[in-house]
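Each chain gets a letter, A, B and so on, in the order the sequences are listed, and its residues count up from 1.
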There are 2 protein chains.
Amino acid sequence: MTAAANGRADEADAGSRLLAAELTTEIEFLTARARAIGSSRANTLLAPLGLKVRSYAVLSLACSGLNPSQRELADFLSLDPSQIVALVDQLEQRRAVTREQDPRDRRSKGITATDEGVRLHDEARNAIRRAEAESLAPLDTGEREQLRALLRRIAFDAAE
Amino acid sequence: MTAAANGRADEADAGSRLLAAELTTEIEFLTARARAIGSSRANTLLAPLGLKVRSYAVLSLACSGLNPSQRELADFLSLDPSQIVALVDQLEQRRAVTREQDPRDRRSKGITATDEGVRLHDEARNAIRRAEAESLAPLDTGEREQLRALLRRIAFDAAE
DNA sequence: TATTGTTATACTCTATAACTATA
DNA sequence: TATAGTTATAGAGTATAACAATA
């Protein structure tokens, strides 16, 4: 996780007296904790499909119609190219995606989903949405959209 | 983070055409990315102090005046007790914290900061605040407080 | 000479189980 | 019998460097 599995994420005792500590006001800490809770739930619900948040992200981008190269996937997901190789290997072995050599640059391989990959992605997206609904249970609809908008700006405006 | 170091976190090309993908609307993905950016910055700024986000969290709780036991630290930080041992070992070796046996339950050890630990924590907290300011640069003050409040509810209301 | 994908390797982080001392 | 801390170990995740094919 980064988007790694974290099976212990929701074991913390939220009623703990340590909630009074200053640490709980720091965004860095809160973000890490929210991510751990979210990844844990997402990985649990993705497990029956043989996916994790990492492979789901690759599959999702393969289904986007944007035909990303492995290099683009690595840059966009902030993963090393060698990790993308392993993730694409897994998805390719189960016939969810294909590597297609770019005729204009034969070094580059576009990753696209097969019909089976699209089916798998539909199921996985439902799992992700269930996980999201559980993780965001304390927030109402408007607050969820607020959070989404704020996170999106941090995730993609800050890096430039 | 997990709050692990992620040196590649902010290398993604935010101007990428992949921004159009549906994936970028999913909270799970955005949270993981925000955490990676935040942890990366925080770890970079903590490195000169010989700390990471993990050890900083333990030090911070040791400085809270709440005198947490290792078991409480493990529960609250969602870490395995054996990982707490290693983190406290490191901090104890540099004389930043002490283990004190609880006289009412001699199995339990309360972790408290030394004067040196408090000094280290003051420096580290400044580093964390600088990291936070950088990570949240796209947001104004009101939006930062909004985000803090939303994350706090997810981090601590959801787990019950 | 630089870049894409690939392989290999080492390192960190995380999960699990067993042990001890206390309760 | 159960719990706090500890130790040891294996697995997953991550970083780094080197290589072949292509540009």
Any residue of residues 58-70 of chain A with a heavy atom less than 4.0 Å from an atom of DNA chain C: A:S69, A:Q70
Whole angstrom value for the distance that separates P of C:dT16 from CG of B:L79: 14 Å
Distance, rounded to the nearest Å, where B:E72 contributes CD and D:dT3 contributes P: 15 Å
Pairs involving residues 77-136 of chain B, ordered by first then second residue, that meet ring pair (Phe, Tyr, Trp, His ring centres under 6.0 Å) (sequence neighbours left out): B:Y56-B:H121
With B:E123 via salt bridge (Lys or Arg N to Asp or Glu O under 4.0 Å) - residues at least two apart: none
B:R71 CZ - D:dA2 C1' separation (whole Å): 11 Å
Salt bridge (Lys or Arg N to Asp or Glu O under 4.0 Å) involving A:R95 - partner list, sequence neighbours excluded: none
Donor + acceptor pair across side chains of A:E28, B:S39 (<3.5 Å): yes
A:R54 to A:L87 - nearest heavy-atom pair and separation: CB-CD2, 4.0 Å
Side chain of B:D89 - closest among D:dA4, C:dT6, D:dT7: D:dT7
Between P of C:dG5 and CD of A:E100, the distance in whole Å: 13 Å
With B:Q70 via side-chain hydrogen bond (donor to acceptor under 3.5 Å, both in side chains) - residues at least two apart: B:R99
Residue B:P81, side-chain heavy atoms: nucleotide from D:dT16, D:dT6, D:dT14 that is nearest: D:dT6
Sugar-phosphate only, base, or nothing, as touched by A:S108 at under 4.0 Å among non-hydrogen atoms: sugar-phosphate
Proximal nucleotide (of D:dT7, D:dG13, C:dC13) relative to the A:R54 side chain: D:dG13
Residue pairs involving residues 85-118 of chain A (criterion ring pair (Phe, Tyr, Trp, His ring centres under 6.0 Å); sequence neighbours excluded): none
Interatomic distance, A:I84 CD1 vs D:dG13 C1' [rounded to whole Å]: 14 Å
For atom CG of B:L87 and atom C1' of D:dG5, their distance in whole Å: 14 Å
Sequence-distant partners of A:R129, side-chain contact (heavy atoms from CB on, under 4.5 Å), two or more places apart: A:R125, B:E22
Distance test, side-chain N/O of A:K52 to OP1/OP2 of D:dG13, below 4.0 Å: yes
Reading 5' to 3' through nucleotides 18-23 of chain D, protein heavy-atom contacts under 4.0 Å coded B for base, S for sugar-phosphate only, - for none: ---BBS
Residues that A:Q101 engages under side-chain hydrogen bond (donor to acceptor under 3.5 Å, both in side chains), provided they are two or more places apart: none
Integer-rounded Å distance: C:dA17 C1' and B:Q83 CD: 14 Å
Between D:dT14 (C1') and A:L77 (CG): distance, integer Å: 15 Å
